[in-house]
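All remarks here apply to the structure that follows.
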Amino acid sequence: MEKSSFFQDVYDVVKLIPPGRATSYGAIAHYLGTKSSARMVGWALNSSYVQDIPAHRVVNRKGVLTGKVYFGDSDRMQKLLEAEGVKIKDNQIENFDQIFWDPSKELL
DNA sequence: GAACTGACTCAGC
DNA sequence: GGCTGAGCCAGTT
């Protein structure tokens, strides 16, 4: 972990996401300084789903649970979010604008 | 060591 | 207004 991995930065930010909140790949990528690498953010989680990363709090810019299928069960990601008070409608987060957590603003 | 891929995002048509 | 194409970086093959 001492290795300066772009992934490690992603994990750290995702872990800092408070319960009941969610962020987007682009927001994390922007916080890291590279808005263009939004794909890497999601991919980072895919490569490290085995770790204690609350990846269920990370969704795409539309608030859709794009990676829910990677959790093994399609409903697993949704239930995790609902357990935190996040409303999910058709695999999409309701009031996403309200629960949206921007690391570049919250963490500063 | 080079090519491919990948849970996204933006812009153009 | 919805779909397609191109771009991004780093890990995997």
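It should be emphasised that the depicted structure is a prediction, and the values quoted were computed from it without experimental measurement. Each chain gets a letter, A, B and so on, in the order the sequences are listed, and its residues count up from 1.
For the pair A:F71/A:L80, a side-chain contact is recorded, criterion being any heavy-atom separation below 4.5 Å from C-beta on. No side-chain heavy atom of A:V59 sits under 4.5 Å from any side-chain heavy atom of A:T66. Inter-residue side-chain proximity for A:Y25 and A:L45 is flagged as met; some heavy-atom pair is nearer than 4.5 Å.
Here B:dC8 presents its P atom at 15 Å from CZ of A:F6, a figure rounded to the nearest Å. In this structure, A:L45 atom CG and B:dC8 atom P are separated by 11 Å, rounded to whole Å. What separates CG of A:N60 from P of B:dC8 is a distance of 7 Å, to the nearest Å. Put simply, CZ on A:R61 is 19 Å from P on C:dC8, counting in whole angstrom units. The distance from atom CE of A:M40 to atom P of B:dC4 is 19 Å, rounded to the nearest whole Å. Remark: P of B:dC8 and NZ of A:K68 are 13 Å apart, rounded to the nearest angstrom. For the pair A:Y11 OH and C:dA10 P, the computed distance is 13 Å after rounding to whole Å. For the pair A:N46 CG and C:dC9 C1', the interatomic distance rounds to 15 Å; values are reported in whole Å.
The backbone N or O of A:W101 sits less than 3.5 Å from a side-chain atom of A:T23, completing a donor-acceptor pair. Although no hydrogens or angles enter the test, the distance criterion places no donor-acceptor pair under 3.5 Å between the side chain of A:D90 and the main chain of A:Q92.
With respect to the salt-bridge test (charged N to carboxylate O, under 4.0 angstrom), the residues A:E106 and A:R21 do not qualify.
Each of C:dC8, B:dT9, C:dG11 was ranked by its minimum atom distance to the side chain of A:F7; first place goes to C:dG11. Of the candidates B:dG6, B:dC8, C:dC8, the closest approach to any side-chain atom of A:W43 belongs to B:dG6.
Side-chain N/O atoms of A:R39 include none lying less than 4.0 angstrom from OP1 or OP2 on C:dA10.
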Original post:
Where each pair must be Watson-Crick or G-U wobble with both distances under 3.5 Å, what dot-bracket representation of DNA chain C is obtained, with crossing pairs in [ ] and other-strand partners as |?
Top reply: .||||||.|||||

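Residue pairs meeting the salt bridge (charged side-chain N to carboxylate O under 4.0 Å, His left out) criterion with at least one partner in residues 64-82 of chain A, sequence neighbours excluded, do not occur; the list is empty.
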